[in-house]
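One structure is given here, and the rest of the page talks about it.
Any value given below was found using the heavy atoms of this structure, including those in side chains, with hydrogens, waters and symmetry copies removed.
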Amino acid sequence: PLVAALTDRVMRAATLAAERAGGRLDPPMVVVLDEAANICRIADLPQLYSHLGSRGVIPLTILQSHAQGVGVWGETGMRALLGAATVKLVGSGIDDASFAEDLSRLIGDHDVTTVSISSGEGRNSRSRSVRQQRILPAAAIRALPKGQALVWLTGSKVAMVKTLPWYAGPRAAEIGARIAAAKARTTKAAGGLPAPAPAGVLP
């Protein structure tokens with residue numbers, strides 16, 4: 001609750017600052033809400049999504065599953081959040097059949113041409129028919145391998161992309177060094193490492 005209240009307060013303060021600056025923050029502020037359903041439960045987050053972007057406050061909400069979001073904000077709230085998000089990324093490990101089917105319908109259908117040949121009275125005839133078929137069925141979405149993801153951008157068709165973990169990217173050494181430095185600062189601020197336990201005594 002403390003983390004959620006603090007994060008909510010920071011976003012509201014950023015909105016006020018944007019209004020004083022003429023409507024938008026420059027540069028924008030990115031608010032990364034990792035494990036949002038567990039650690040940072042902001043009750044009106046779906047409503048905030050509808051206007052934060054226009055203020056230069058960019059929320060990035062990360063959930064383990066669609067059902068997890070429904071458990072916090074309900075079906076209506078989760079739909080509102082997804083509807084207001086301009087970029088949606090879905091990775092592997094979707095085991096919710098209903099959500100996978102919704103995603104499959106959003107991706108859409110494509111035309112498949114079927115050719116049939118019939119013979120009779122010494123002659124062959126060929127006919128073509130067109131039917132629609134799902135581009136990516138729900139079962140295929142569920143079977144997405146690790147390292148692949150589906151991305152929806154407002155006004156664009158879905159794209160299948162390969163993800164690039166930071167530790168495999170060109171700036172892995174730089175990011176790793178910054179993480180180590182941040183951990184060292186946190187440890188120092190907390191008063192250093194705990195004293196070692198005496199021999200034979202469990203810590």
Arg105 atom CZ, over 12 foreign heavy atoms within 6.0 Å: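 Counting other residues, nucleotides and ligands, CZ of Arg105 exceeds 12 neighbours.
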Arg134 atom CZ, over 12 foreign heavy atoms within 6.0 Å: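 Above 12, so yes.
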Listed once per pair and sorted, the ring pair (Phe, Tyr, Trp, His ring centres under 6.0 Å) pairs that draw on [range], sequence neighbours left out:
range: residues 66-109; value: His66-Phe99
range: residues 2-51; value: none
range: residues 12-48; value: none

Nearest heavy atoms of [X] and [Y], plus distance in Å:
X: Pro46; Y: Ala80; value: CB-CB, 4.1 Å
X: Ser127; Y: Ser116; value: OG-OG, 2.7 Å
X: Ala43; Y: Gln47; value: O-OE1, 4.2 Å
X: Pro145; Y: Ser92; value: O-CB, 3.6 Å

With sequence neighbours left out, what residues match [X] under salt bridge (Lys or Arg N to Asp or Glu O under 4.0 Å)?
X: Asp34; answer: none
X: Asp44; answer: Arg12
X: Arg79; answer: none

With hydrophobic residues grouped by side-chain heavy-atom distances under 4.5 Å, do [X] and [Y] end up in a single group?
X: Val161; Y: Val87; answer: yes
X: Leu106; Y: Ile135; answer: yes
X: Val10; Y: Val57; answer: yes

Pairs under 3.5 angstrom only: tabulate donor-acceptor contacts from the side chains of residues 15-22 to other protein residues two or more places apart or in another chain.
residue, atom, partner, partner atom, Å
Thr15, OG1, Met11, O, 2.9

Check whether [X] reaches the backbone of [Y] with its side chain - one donor and one acceptor, N or O, closer than 3.5 Å.
X: Gln148; Y: Leu144; answer: no
X: Ser104; Y: Ala100; answer: no
X: Arg24; Y: Ser54; answer: yes

Separation of Gln133 CD from Asp109 CG (nearest 0.5 Å):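 Reported value, rounded in 0.5 Å steps: 8.5 Å.
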Test side-chain contact (heavy atoms from CB on, under 4.5 Å) applied to Thr76 - qualifying residues, sequence neighbours left out: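 None.
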For Ala140, all residues meeting side-chain contact (heavy atoms from CB on, under 4.5 Å), sequence neighbours excluded: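 Partners of Ala140 under the side-chain contact (heavy atoms from CB on, under 4.5 Å) test: Leu136, Pro137.
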Full working for side-chain contact (heavy atoms from CB on, under 4.5 Å) between Leu25 and Arg55: CA-CA 6 Å; Leu25 286 180; Arg55 294 286 185 262; over 6 Å; no
Note, Leu63 side chain near Met78 side chain (heavy atom, < 4.5 Å):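 Heavy-atom side-chain distance check passes, below 4.5 Å.
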side-chain hydrogen bond (donor to acceptor under 3.5 Å, both in side chains): pairs with one or both residues in residues 161-173, sequence neighbours excluded: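 Residue pairs with at least one partner in residues 161-173: Arg171-Glu174.
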Identified side chain to side chain contact (heavy atoms under 4.5 Å, CB included) partner of Thr61 from the options Leu82, Ile42, Leu45: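 With Thr61 as partner, Leu82, Ile42, Leu45 yield a single side chain to side chain contact (heavy atoms under 4.5 Å, CB included), made by Leu45.
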Verdict with supporting geometry, Val90 and Leu103, side-chain contact (heavy atoms from CB on, under 4.5 Å): CA-CA 9 Å; Val90 177; Leu103 295 177; 3.9 Å; yes
List the atom pairs, donor and acceptor, that lie under 3.5 Å between side-chain atoms in residues 150-158 and the rest of the protein, sequence neighbours left out.
residue, atom, partner, partner atom, Å
Thr154, OG1, Thr86, O, 3.3

Whichever hydrophobic residues join Ile58 through chains of side-chain contacts under 4.5 Å: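 Hydrophobic cluster check, Ile58: joined to Val30, Val32, Leu60, Ile62.
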